[in-house]
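Comments concern the structure below.
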2 protein chains.
Amino acid sequence: MAQVAVPTVLQLVQSNSLPALVQVEIEQLILRGELAIGQHVNESELAGRFGTSRGPIREALRALEESRLVRSEKNRGVFVREISVAEADEIYDIREALDQLIGQRVAERATSEQLRGLKAVVAEMDVTVRVQDVKGYHALNLKFHDMLVDFAGNSRLTESYRLLTKGLLLFRLRGLQDGGGFAVSNTEHKAVIEAFAARDSAKAGRLLRQHAVASRARMHKAAAAAAAQ
Amino acid sequence: MAQVAVPTVLQLVQSNSLPALVQVEIEQLILRGELAIGQHVNESELAGRFGTSRGPIREALRALEESRLVRSEKNRGVFVREISVAEADEIYDIREALDQLIGQRVAERATSEQLRGLKAVVAEMDVTVRVQDVKGYHALNLKFHDMLVDFAGNSRLTESYRLLTKGLLLFRLRGLQDGGGFAVSNTEHKAVIEAFAARDSAKAGRLLRQHAVASRARMHKAAAAAAAQ
DNA sequence: AAATTGATTATTGTCAACAATCTGCGATCG
DNA sequence: CGATCGCAGATTGTTGACAATAATCAATTT
């Protein structure tokens with residue numbers, strides 16, 4: 001579907017160095033929540049877990065720091081970053097602009113096969129909505145937007161967008177986020193896809209930006225609800 | 001003017017670890033061109049130059065790799081990245097979107113003092129145009145856009161924008177870039193500032209995006225000229 | 001003469017040890 | 001009784017050494 005050549009394990013260890021491998025591993029640990037938000041990351045422990053020395057771990061952590069997934073305090077170590085509502089808002093500001101760009105480009109460039117792929121994912125999401133599977137919806141939603149930015153055909157854009165998205169996952173209230181209106185969210189997806197099918201670049205851009213705006217509003221709503229109780 | 005608290009050297013070494021210091025140092029080396037584009041970066045040599053061991057150097061390089069200033073090949077080392085016209089185009093795609101956002105935000109948020117600062121820089125640039133000081137113009141232009149994104153008041157945006165800008169500096173033809181129309185470029189700056197003064201957010205956004213579009217066109221022109229001879 | 005092989009050298013990848021710093025806790029003192 | 005000081009223990013910061021890999025170049029072979 002996303003037709004990326006998936007390399008074998010052999011190629012992986014041959015072309016990527018240990019720090020690079022460890023980096024994605026730690027990133028997964030953070031994104032899966034096994035390393036809790038704000039938690040102190042112990043170098044020796046990770047080294048033990050991955051069967052390496054601390055050197056590669058430190059290199060990986062430095063890379064993760066650059067991508068803002070962890071922060072580092074001198075002589076105290078690195079901590080999993082937590083982002084505030086304010087910073088999430090900053091990210092959404094950027095994301096809205098990028099989503100508009102993504103919408104335009106996908107409308108211009110996406111193949112009909114790619115559009116079918118998008119429709120399929122939206123259909124899957126419809127199922128999760130029906131059975132109230134929030135977690136499943138969330139995963140598919142991530143995949144949907146990942147495919148979108150991929151189909152926009154700008155690798156640097158993909159990189160920037162994924163970086164921002166990861167940052168958003170560090171938001172304290174993840175999981176709760178789409179608590180309310182994920183049915184309406186998927187409706188928005190369908191509208192965007194219609195614009196893609198019509199090759200209406202301006203409209204697709206407008207709609208995808210609007211979707212980001214709505215997503216931000218849903219985040220605010222969830223944050224307010226969490227702050228209330 | 002940019003009213004950032006400039007930390008003393010003492011604070012710097014106390015709060016930042018060696019890898020962090022080395023990182024900005026190497027970044028300067030690259031951005032100043034002392035490490036040529038595409039050149040192989042020798043770890044031992046850098047370690048010697050900075051009077052450290054290779055450990056901190058490697059950590060710094062890993063961070064620079066994450067910010068795409070260098071690329072790394074296993075068992076061959078890291079190289080200063082060079083970007084193609086195609087990738088510069090990708091970056092400009094994003095930059096146009098972000099510049100629009102920046103223009104809007106500055107029109108909404110900038111203080112009159114900040115606007116005066118912008119005008120002052122543009123006036124300085126006018127001088128460099130008169131005396132045909134391309135290098136001086138380039139430096140001031142960088143400063144101008146740096147101030148702009150700063151005044152937009154979104155730290156994450158600042159970060160993303162600077163990252164992209166640095167990437168553009170890796171373009172092969174830097175130096176030649178504004179060879180032709182930097183007089184018209186500064187005219188565009190003035191128009192944007194007028195929109196700021198009028199607090200016309202939409203117009204400021206449109207103009208700053210347009211400025212980025214024009215800048216991209218100038219890059220293409222320079223690239224074509226360089227390819228011709 | 002061109003290509004291939006093999007040894008030499010330089011460079012990177014990884015590690016384990018040492019030094020510096022911080023943290024937590026108990027003892028001491030006001 | 002509260003605060004401060006100082007001492008382990010743990011953790012990070014940095015280093016130098018060793019192993020693995022790639023680049024270089026001369027010798028050999030076809």
Side-chain angles (χ1 to χ4, degrees), chain A residues 7-27 29-30 34-66 68-81, chain B residues 7-27 29-30 34-66 68-81:
Chain A
T8 70
V9 180
L10 183 70
Q11 291 174 319
L12 221 67
V13 289
Q14 275 180 343
S15 58
N16 297 76
S17 67
L18 238 161
L21 273 328
V22 167
Q23 180 184 345
V24 310
E25 218 61 38
I26 299 178
E27 186 176 309
L29 249 42
I30 294 174
E34 293 182 49
L35 286 173
I37 308 255
Q39 181 184 333
H40 177 243
V41 178
N42 189 309
E43 295 179 359
S44 308
E45 186 195 315
L46 284 179
R49 166 143 34 169
F50 295 122
T52 74
S53 72
R54 281 171 49 223
I57 304 289
R58 284 180 65 88
E59 290 184 34
L61 288 177
R62 207 59 60 195
L64 289 173
E65 183 188 7
E66 193 68 19
R68 297 291 183 264
L69 256 58
V70 303
R71 82 190 136 82
S72 160
E73 295 180 29
K74 178 169 179 175
N75 290 325
R76 293 202 54 221
V78 321
F79 301 80
V80 179
R81 272 202 77 195
Chain B
T8 71
V9 181
L10 184 69
Q11 290 173 321
L12 222 65
V13 290
Q14 276 179 343
S15 57
N16 296 74
S17 66
L18 238 162
L21 272 328
V22 167
Q23 180 183 345
V24 311
E25 218 61 39
I26 298 179
E27 186 175 309
L29 248 42
I30 294 175
E34 294 183 49
L35 287 173
I37 308 250
Q39 182 183 336
H40 176 244
V41 178
N42 189 309
E43 295 178 359
S44 308
E45 186 196 313
L46 284 178
R49 168 147 30 171
F50 295 123
T52 73
S53 70
R54 280 171 50 220
I57 304 288
R58 284 180 64 88
E59 290 184 34
L61 289 177
R62 209 57 59 198
L64 289 173
E65 183 187 7
E66 193 67 21
R68 296 294 182 263
L69 255 60
V70 303
R71 84 191 135 81
S72 160
E73 293 180 30
K74 179 168 178 176
N75 290 325
R76 293 202 54 220
V78 320
F79 301 80
V80 180
R81 271 202 80 197

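Just so we're on the same page: letters track the sequence lines, and every chain starts at 1.
Atom P of nucleotide C/dC15 and atom CD of A/Glu59 are separated by 11 Å, given to the nearest angstrom. Across the protein-nucleic acid pair, A/Lys74 atom NZ and D/dG13 atom P stand 8 Å apart, rounded to whole Å. Residue B/Phe50 contributes atom CZ, which lies 13 Å from atom P of D/dT15 at whole-angstrom precision. We find that CD1 of A/Ile57 is positioned 16 Å from P of C/dG13, with the value rounded to whole Å. Atom P of nucleotide C/dC15 and atom CG of A/Leu46 are separated by 14 Å, given to the nearest angstrom.
A salt bridge is absent between B/Arg62 and B/Glu59: the closest approach of a Lys/Arg side-chain nitrogen to an acidic carboxylate oxygen does not fall below 4.0 angstrom.
Among the protein residues, A/Gly55 comes within range of no part of the nucleic acid, since none of its heavy atoms lies under 4.0 Å from any strand. Note on B/Val41: only backbone sugar-phosphate atoms sit closer than 4.0 angstrom, heavy atoms only; bases stay farther off.
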Distance-only donor-acceptor hits, side chain of residues 38-51 of chain A, under 3.5 Å, sequence neighbours excluded:
unit_1  : atom_1 : unit_2  : atom_2 : d
A/Gln39 : OE1    : A/Ala36 : N      : 2.9
A/His40 : NE2    : A/Arg76 : O      : 3.1
A/Asn42 : OD1    : A/Ser44 : N      : 2.9
A/Asn42 : OD1    : A/Glu45 : N      : 3.1
A/Glu43 : OE1    : A/Arg54 : NE     : 3.1
A/Glu43 : OE1    : A/Arg54 : NH2    : 3.1
A/Glu43 : OE2    : A/Arg58 : NH1    : 3.0

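Each of C/dT12, C/dT14, D/dT14 was ranked by its minimum atom distance to the side chain of A/Pro19; first place goes to C/dT14. In this structure, the nucleotide among C/dT14, C/dT12, D/dT15 sitting nearest to the side chain of A/Leu18 is C/dT14. The nucleotide whose nearest atom lies closest to any side-chain atom of B/Arg54 is, among D/dA17, D/dG13, C/dC15, D/dA17. Listed nucleotides D/dT12, C/dT11, C/dT21 differ in distance to A/Asn75; the shortest reach to its side chain belongs to C/dT21.
Contact detail for A/Leu64 and A/Ile26: the closest heavy-atom pair is CD1-CG2, 3.5 Å. Scanning both residues, B/Arg81 and B/Val70, for their nearest heavy atoms gives CG-C, 3.5 Å. Of all non-hydrogen atoms in A/Ser72 and A/Glu65, the two that sit nearest each other are CB-OE2, 3.4 Å.
You won't find any donor-acceptor pair under 3.5 Å spanning the side chain of B/Arg76 and the base of C/dG13, going by distance alone.
Between A/Asn42 and the phosphate of D/dT11, there is a side-chain N or O to OP1/OP2 separation shorter than 4.0 Å. For the pair B/His40 and D/dA23, the criterion of a side-chain N or O lying under 4.0 Å from OP1 or OP2 is not met. Between C/dG13 and B/Arg58, a contact under 4.0 Å exists linking OP1 or OP2 to a side-chain N or O.
If B/Glu43 and A/Thr52 are placed on DNA chain C by their nearest nucleotide, the residue sitting closer to the 5' end is B/Glu43. Residue whose closest nucleotide on DNA chain C sits further toward the 5' end, between B/Gly77 and A/Gly51: B/Gly77.
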